[in-house]
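These notes are about the structure you will find just below.
Residue numbers begin at 1 in each chain, while the letters A, B, ... track the order of the sequences.
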Amino acid sequence: MFPQLGKTAHLTDIYQQIELPLVDILFQIERNGVLLDVDQLHAYGKEVMRQLEILEQQAHTTAGQTFNLNSTQQIQEILFGQLKLPIIKKTPKGAPSTDESVLQQLALDYPLPRVLLEYRMLAKLKSTYIDKLPRMINHNTGRVHTHYAQAVAVTGRLASNEPNLQNIPIKTPAGRRIREAFIAPEGWHIVSADYSQIELRIMAHISQDKGLLKAFTEGQDVHRATAAEIFGISAEKVNQEQRRYAKVINFGLIYGMSEFGLAAQLGIDRIAARNFIERYFIRYPGVSDYMQRTRAMAKQNGYVETVLGRRLQLPDIHSHQHNRRMGAERAAINAPMQGTAADIIKLAMIAVNNWLTQTHAQSKLIMQVHDELVLEVPENESVTMMRQLPALMENVIKLDVPLVVQTGQGRNWEQAH
DNA sequence: AGGTTAAGCGCG
DNA sequence: AAAGCGCGCTTAACCT
């Protein structure tokens, strides 16, 4: 019936049981849209504009000349041509890079890079979000209606565009001011429900690593547990720095990071980075086996699979170009985890939508952000949804580790976290 | 004038 | 030689 979907039943199942039911749900989410506090964005925009003007003046004074702070070429010329600052890395084209990691290192010794970093952050927020989002409001509905692409991301994730609502700032205080502008109408709340550590839990399930399974089954702080293992100390003795190291390693592994990448990320030498990875694999041998198994699977079959059987083809796995082949290997390691997470939240969207329909609830799905569902909820349904969402989302699939969903609610998206 | 590429950066 | 996965958007610079 679907010859392109392959001879195994899994791909046909994913198509019929996940992707097809999702079509109508995505349509509903897009049609629902999300409400923005335009006045708040406008006021914040003026504030940010004043700050940008101050930073621009500071940059010009420090550099001893005027220049376009948005031009990487002009920044290259000033930092490395005139001020003779050390070149830390190069762009793929061979020009000296001025990206964030470079400026952060230079900021330790020189004043101008710090100004540029602050300017870059605020300029990004203003142009991409503060100025742009109000222009995207539909005149008929008064809301912003994104579009979700169902067949763009190779791992099975959704992609969001016009506008992209899957990259709204959250990591900095300035960014969170933008999230405050995503509001609920009078009498309604924003409710957010997100899977906690879902990709690491999937890694535990797929790898069947004893230590990782135990950490999640017992509800441990997984980064703290990892730190205890690789530093050879008890969990109570782990300090913030050690936990941060463990977190970088845990995430790095999901992406197939090398000792070189880990060294760069942690600002340590390669020997130390290699030691951390060795200790990690000694403590979590199941994860080491998984990495090897996955590379072998990709090389033998030319594809890898999620837990539910979604496939990612990897033609570059046989490339004679080293960088392409290594890139395909990293994608092979990452795709089963990222893709299984995508499968799971799609099942969750179907489960939540079914429940809303069957119970005649008024609450509406309004956004999906990879591991998070956002709803607009009438105040009198708030308590029910906060209880129901975790129950629905945590039970769409049975893994060998528990899935945990955290919920929050508020007048706006920021408060809901 | 309009399209494309490079660099950079927002999120999970 | 390259070095961390998956996306979309903005600006500058370049090309047609």
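- Two residues, A:His322 and A:His370, neighbour DNA chain C, and the one matched to the more 5' nucleotide by heavy-atom proximity is A:His322.
- Nearer to the 5' terminus of DNA chain C, by closest-nucleotide assignment, is the contact made by A:Phe260 (compared with the other of A:Phe260 and A:Gln338).
- Ion pairing of A:Lys364 with A:Glu381 is absent here, as no side-chain N (NZ or NE/NH1/NH2) approaches a carboxylate O to less than 4.0 Å.
- Minimum atom distance to the side chain of A:Asp99 is reached by B:dC9, of the listed C:dG6, B:dC9, B:dG10.
- Across all strands shown, A:Glu162 has heavy atoms under 4.0 Å from sugar-phosphate atoms exclusively, and none from any base.
- The pair A:Asp316-A:Arg325 does not meet the salt-bridge criterion, since no charged nitrogen lies less than 4.0 angstrom from a carboxylate oxygen.
- Distances shorter than 4.0 Å separate none of the side-chain N or O atoms of A:Ser127 from OP1 or OP2 on C:dC9.
- Regarding contacts with the backbone of C:dA12, a side-chain N or O of A:Asn70 is found under 4.0 angstrom from either OP1 or OP2.
- Side-chain proximity of A:Val154 to B:dG12, C:dG6, C:dT10: nearest is C:dG6.
- Atom CE of A:Met291 is separated from atom C1' of C:dC5 by 12 Å (rounded to the nearest Å).
- Side chains of A:Asp400 and A:Gln208: a donor on one and an acceptor on the other come within 3.5 Å.
- Of the candidates C:dC5, C:dA13, C:dC9, C:dA13 carries the atom nearest the A:Ser71 side chain, counting heavy atoms from C-beta on.
- Rounded to whole Å, the P atom of C:dA3 lies 16 Å from the corresponding atom of B:dA6.
- A:Lys124 comes within contact range of at least one nucleobase, with a heavy-atom separation under 4.0 Å.
- The A:Arg120 side chain lies nearest to B:dG8 when the options are B:dA7, C:dC7, B:dG8.
- Using a 4.0 Å heavy-atom cutoff across all strands shown, A:Gln74 reaches sugar-phosphate atoms only and no base atom.
- The base of B:dG10 is paired with the side chain of A:Asn167 by a donor and an acceptor separated by under 3.5 Å.
- Within the nucleic acid shown, A:Glu199 has no heavy atom closer than 4.0 Å to any nucleic acid atom.
- Remark: C:dT16 base-pairs with B:dA1; criterion is Watson-Crick or G-U wobble with both hydrogen-bond distances under 3.5 Å.
- In the set C:dA13, B:dG10, B:dG12, the nucleotide with an atom closest to the side chain of A:Gln73 is C:dA13.
- When each of A:Arg120, A:Gln74, A:Gln76 is checked for a side-chain hydrogen bond (donor to acceptor under 3.5 Å, both in side chains) with A:Thr98, only A:Arg120 meets the rule.
- A sub-4.0 Å separation between OP1 or OP2 of C:dC9 and a side-chain N or O of A:Thr128 is absent.
- Aromatic ring centres of A:Phe276 and A:Phe231 lie closer together than 6.0 Å.
- In this structure, A:Phe67 atom CZ and C:dA13 atom P are separated by 12 Å, rounded to whole Å.
- Looking at A:Gln338 and A:Asn334, their side chains do bring a donor and an acceptor atom within 3.5 Å of each other.
- Between A:Met257 atom CE and C:dC5 atom P the separation is 11 Å, expressed in whole Å.
- On a pure distance criterion of 3.5 Å, no polar donor-acceptor pair joins the side chain of A:Gln166 and the base of B:dC11.
- For the pair A:Gln406 CD and B:dG12 P, the interatomic distance rounds to 13 Å; values are reported in whole Å.
- Relative to the side chain of A:Val369, the nucleotides C:dC7, B:dG12, C:dA1 differ in distance, and B:dG12 lies closest.
- Using a 4.0 Å heavy-atom criterion, one finds that A:Ile170 contacts the sugar-phosphate atoms exclusively.
- When distances are taken from the side chain of A:Asn164 to each of C:dA3, C:dG8, C:dC7, the shortest belongs to C:dG8.
- Atom CD1 of A:Ile88 and atom C1' of C:dA3 are 17 Å apart (whole Å).
- Nucleic acid contact for A:Asp194: none, since no nucleic acid atom lies under 4.0 Å from a heavy atom of the residue.
- Salt bridge annotation for A:Lys299-A:Glu329: present, with a cationic side-chain nitrogen under 4.0 angstrom from a carboxylate oxygen.
- The phosphate of B:dG8 (OP1 or OP2) has a side-chain N or O of A:Thr98 nearer than 4.0 angstrom.
- No contact: A:Gln321 has no heavy atom under 4.0 Å from any strand.
- Taking atom CD of A:Gln76 as the reference point, atom C1' of C:dA13 lies 12 Å away to the nearest angstrom.
- In terms of polar N and O atoms assigned as donor or acceptor, the side chain of A:Arg157 comes within less than 3.5 Å of the base of B:dG12 in a complementary pairing.
- For A:Asn68 and C:dC14, the CG to P distance is 13 Å, given to the nearest whole Å.
- The separation between A:Leu158 atom CG and B:dC11 atom P is 19 Å, rounded to whole Å.
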